[in-house]
There are 2 protein chains.
Amino acid sequence: MSVEIKTRQLEIITAAGEILSESGISGLTTKKLAAKMGFAESALYRHFKSKENIIITMLNYLAADMDKRFAACLVNVDGTELQLKELFNNQFEFFKKNPHFLVTIFSDGLLEESKNINTAIREIMAVKKKYLLPIIKQGQKERTFTTDLSAEELAHIIMGSLRLQMLQWRMSDYAFDVKLKGNKLMTGIITLIKS
Amino acid sequence: MSVEIKTRQLEIITAAGEILSESGISGLTTKKLAAKMGFAESALYRHFKSKENIIITMLNYLAADMDKRFAACLVNVDGTELQLKELFNNQFEFFKKNPHFLVTIFSDGLLEESKNINTAIREIMAVKKKYLLPIIKQGQKERTFTTDLSAEELAHIIMGSLRLQMLQWRMSDYAFDVKLKGNKLMTGIITLIKS
DNA sequence: TTTTAGTTTGTGAATGTTCACTAACAAACA
DNA sequence: TGTTTGTTAGTGAACATTCACAAACTAAAA
């Protein structure tokens with residue numbers, strides 16, 4: 001699944017992420033990307049075989065990175081409630097530091113651009129579910145979380161709420177502290193779903 | 001705010017909505033749009049002064065239409081819980097019939113395309129809040145809904161959950177019955193937020 | 001230590017395609 | 001007769017991508 005990635009490639013997909021959040025998908029052109037990198041358009045093709053390939057590499061990198069981050073932040077955290085909080089705290093911290101990689105959250109804006117991009121987007125959502133669902137199921141088994149709703153429904157509500165939080169952060173031009181407001185919302189949600 | 005719209009213009013923005021959900025924003029070209037309409041590209045400019053103007057007219061139309069729908073569906077519905085259900089049932093029904101107008105929900109994919117488009121997107125979100133918030137506040141006053149979270153937070157959770165529902169519907173290629181699944185999720189959410 | 005050969009990473013110029021949009025003109029219809 | 005709504009044929013600009021070429025570095029051979 002994961003891939004080795006050269007430093008120059010990482011620089012390029014970072015720049016691509018920045019352009020994406022500045023100007024949307026239609027604004028992501030080879031010209032702009034090369035300009036941001038400080039070299040000619042043709043040089044991009046030394047590192048990627050196509051523009052689509054740049055986007056896909058970016059999405060795959062982000063999926064793999066998120067997977068690693070989630071796995072790392074859960075070791076030595078006990079209790080489903082704390083795990084839930086830690087998972088999202090980690091996410092908020094990451095995006096606070098790397099707002100241009102919010103594409104991970106808003107990747108659906110890229111939907112229908114190409115078959116391969118769609119697949120990469122699905123992979124990102126799958127990683128999120130992979131970590132969230134087991135925690136909720138465990139919490140339900142321990143009677144920490146309500147069983148009035150299925151684990152899938154609870155996961156859905158959590159993911160949906162936090163996606164919207166990120167969207168509002170972006171639409172506000174990153175005007176508030178996502179980590180603060182995000183964790184506050186998460187605390188609220190946990191209040192709701194506690195049995 | 002609202003605008004009179006000619007029938008031909010409505011046909012065009014409908015076609016634009018279809019292309020948008022089939023091929024994303026990069027797929028929405030004057031060529032494709034004209035082809036779907038069955039006439040030459042140049043004819044588009046008889047009805048709109050630019051492509052950006054088509055998108056903005058579409059977003060404005062959808063905002064105005066949603067406003068009308070919401071207002072209409074709330075008359076003669078008593079009780080905040082029922083109002084909440086009716087509001088979203090109406091939304092599900094609309095999108096079941098007009099899936100190509102899901103742009104309303106995923107308009108954030110168009111973010112950063114242009115200043116004017118951004119404004120139109122904000123207007124859509126404002127309409128949603130305009131109807132949702134008062135119902136929740138009223139419900140809290142009546143002690144129907146929990147006051148553990150602010151009305152804004154509750155509205156946020158509801159909107160976020162249902163946005164994600166719509167996204168999954170779209171990603172599944174409209175494979176399930178949104179109205180059924182959406183109303184079920186809404187019932188679950190109401191269970192959660194009842195005090 | 002210098003020479004040489006190979007690889008990596010860049011350049012500038014050019015490719016054909018697609019883009020949004022315009023102009024001159026014509027049929028339909030009021 | 002004038003307005004509406006369409007046509008065909010174009011416009012230049014922007015697009016992703018390719019090509020022949022050249023520095024710069026790497027490392028082994030002389």
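Sequence lines set the chain letters: A, B, ... in the order given, protein chains first and strands last, and positions in each chain run from 1.
Minimum atom distance to the side chain of S42(B) is reached by dT7(D), of the listed dT7(D), dT18(D), dA16(D). Here the nucleotide nearest the side chain of K51(B), chosen from dA16(D), dA20(C), dT7(D), is dA20(C). Between dC19(C), dA16(D), dT7(D), one nucleotide has an atom nearer to the side chain of E41(A) than all others, and that is dA16(D). Side-chain atoms of F39(B) lie closest to dG6(D) of the nucleotides dT9(C), dG6(D), dA16(D). Checked against dT18(D), dG10(C), dA20(C), the side chain of Y45(A) finds its nearest nucleotide in dT18(D). Listed nucleotides dT8(D), dC15(D), dG6(D) differ in distance to T29(A); the shortest reach to its side chain belongs to dC15(D).
Look at CZ on R46(A): it is 13 Å from C1' on dT17(D), rounded to the nearest Å. The nearest whole Å value for the distance from the CG atom in L44(B) to the C1' atom in dT4(D) is 16 Å. Atom NZ of K49(A) and atom C1' of dA16(D) are 14 Å apart (whole Å). K31(B) has its NZ atom 14 Å from the C1' atom of dC15(D), to the nearest Å. Whole-Å rounding puts the K32(B) NZ to dC19(C) C1' distance at 13 Å. Protein atom CZ of F48(A) is 15 Å distant from nucleotide atom C1' of dA16(D), rounded to whole Å. Atom-to-atom, CD1 of I19(B) to P of dA20(C) comes out at 10 Å; the value is rounded to the nearest Å. Atom P of nucleotide dT4(D) and atom NZ of K6(B) are separated by 7 Å, given to the nearest angstrom.
Residue contacts shown for T30(B) include a base, since a base heavy atom lies under 4.0 Å away. When heavy atoms are screened at a 4.0 angstrom cut-off, I54(A) is found touching no nucleic acid atom at all. Counting non-hydrogen atoms under 4.0 angstrom, L28(A) reaches the backbone sugars and phosphates but no base.
Here the shortest heavy-atom pairing between G188(A) and L149(B) reads O-CD1, 3.5 Å.
One finds no side-chain N or O of H47(B) lying less than 4.0 angstrom from the OP1 or OP2 phosphate oxygen of dT4(D).
A salt bridge does not link E22(A) with K32(A): none of the charged nitrogens is closer than 4.0 Å to a carboxylate oxygen. We find that E152(B) and K129(B) are not joined by a salt bridge, their nearest charged nitrogen and carboxylate oxygen being 4.0 Å or further apart.
Both F95(B) and L10(B) are part of a single hydrophobic cluster, where members link through side-chain heavy atoms under 4.5 Å apart.
Using a 30° and 60° split on the angle between ring planes, F39(A) and H47(A) fall in the parallel class, below 30°.
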